[in-house]
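Some notes on the structure that comes next.
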Amino acid sequence: MSKLCKKKPLIGEFYQAVEGVIHKRFLPEKPHGRESDAFIYITEGKCVYRFADETFSAQSGDILFLARGGIYSMDIQSEEYRFIFIDFDFASDAPCKHEVFKMQNARATESMFRRMLEKWRQKRLGVKEECLSLLYSVYAEVIKSEGAEYLPNSKRAKLENALHFIAENFSKEDLTVENVAQIAGMSQSHFRRLFKSAYRISPIKYINIMRIDRAKELIRYTNESFSDIAAEVGFANLYYFSRIFKKEVGCTPSEFKEEYSEYQKM
């Protein structure tokens, strides 16, 4: 099993979804490496990636993982090399190794990448949370491709429905794991076990991450009070919001605002 799948780190931040094409040529190393982690789905063509310690190729239907800080050159071996890449960051326990994954269901995987791309282009409210939901589905497929416990397509489809439901309703205070389990058509206990097996995270932690990610955006780009932000992202009270925020982000909402607020810089 690869280093990536063995550690199963959590996803910390979603940045962007971009579609690209490069014509046949050699691209030398960039001296500073990547600024973020990335999953890249190859839609057409073939490319050889050369790192200091390894050379490997990626082609249509593969997912390529590139770790932040990675330095490599690219040798495009087809007339056109087309791809969709997702920039994000794993949490602090992230792996540092590049990897190519041969997907069991390339068509379904490409569909998830294209849905992320479409949502990102629309730039609607909550787009990061919707894309994060899809990114976790992609991550589950990557883990599955490396020999993780098999999950039947019917159950995987139910989990994907649950992720979409969470993305649309995470800001509602009355959202519970029981609600989501009902949408997935499972008992709450079975849903909790299956969700954690597929995504390596509990449903309630996933919901809280979605809420905190939205709260971070509101703190950075608005001047709303913390009480209003807590209510807007689905927390019943400011104390609980502050506790979960510090647990997930590593600092209090006030400390985060002081460091990252764009509103205060205007």
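Everything quoted here is computed from the prediction, not taken from an experiment.
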Inspect the surroundings of NZ in K46 and state if more than 12 heavy atoms from other residues, nucleotides or ligands are less than 6.0 Å away.
-> no

Establish, yes or no, whether a centroid distance under 6.0 Å links the rings of F245 and F226.
-> no

Should the pair Y240 and F235 be assigned to parallel (<30°), tilted (30 to 60°) or perpendicular (>60°) ring geometry?
-> perpendicular

Sorted by chain and residue number, the side-chain contact (heavy atoms from CB on, under 4.5 Å) partners of A167 (sequence neighbours excluded) come out as E130, S133, M210

Answer yes or no: is there a side-chain heavy-atom contact under 4.5 Å between F65 and V142?
-> no

Evaluate the side-chain proximity of I201 to F195: yes if any heavy-atom separation is below 4.5 Å, no if none is.
-> yes

Is any side-chain N of the basic residue among E29 and R50 closer than 4.0 Å to the acidic one's carboxylate O?
-> no

For the atom pair OG (S111) and CZ (R115), what is the distance rounded to the nearest 0.5 Å?
-> 5.0 Å

Mark yes or no for whether R211, through its side chain, and F170, through its backbone, hold a donor-acceptor pair below 3.5 Å.
-> yes

Side chain to side chain, I76 and F26, heavy atoms closer than 4.5 Å = no

Using modelled atom types only, decide if a donor and an acceptor are shared between the side chain of E129 and the backbone of R214 within a distance under 3.5 Å.
-> yes

Mind checking whether S137 and L163 have side chains closer than 4.5 Å, heavy atoms only?
-> yes

Run the numbers on N223 and K257 for side chain to side chain contact (heavy atoms under 4.5 Å, CB included), then give the verdict.
-> CA-CA 10 Å; N223 199 33; K257 183 172 185 176; 3.3 Å; yes

Listed partners of N161 passing side-chain contact (heavy atoms from CB on, under 4.5 Å), at least two apart | none

CD1 of I71 to NZ of K30: how many Å apart, nearest 0.5 Å?
-> 11.5 Å

Can you name the side chain to side chain donor-acceptor pair (under 3.5 Å) partners of K172, sequence neighbours left out?
-> N169

Please answer whether the main-chain N or O of Y239 pairs with a side-chain N or O of N237 as donor and acceptor at a distance below 3.5 Å.
-> yes

Any side-chain heavy atom of M116 sitting closer than 4.5 Å to one from V138?
-> yes

Are side-chain heavy atoms of R34 and D87 found at a separation under 4.5 Å?
-> yes

Assess the pair Y72 and F51: is the distance between their ring centroids shorter than 6.0 Å?
-> yes

Out of curiosity, R192 CZ to E178 CD, how far, rounded to the nearest 0.5 Å?
-> 9.5 Å

Plane angle bin for Y49 and F56 - parallel if under 30°, tilted between 30 and 60°, otherwise perpendicular = parallel

From T43 OG1 over to E19 CD, what is the distance, rounded to the nearest 0.5 angstrom?
-> 6.5 Å

Which of I63, V21, V18, I22 passes side-chain contact (heavy atoms from CB on, under 4.5 Å) with F83? It is I22

Pairwise distance OH(Y41) to CZ(F39) - rounded to 0.5 angstrom | 14.0 Å

Heavy-atom distance under 4.5 Å between the side chains of D213 and K128, does that happen here?
-> no

Indicate yes or no: at least one non-hydrogen side-chain atom of K102 is less than 4.5 angstrom from one of D62.
-> yes

Please check if the side chain of D89 supplies one atom and the backbone of S36 the other of a donor-acceptor pair under 3.5 Å.
-> no

OH-CD distance between Y136 and E160, expressed to the nearest 0.5 angstrom = 15.5 Å

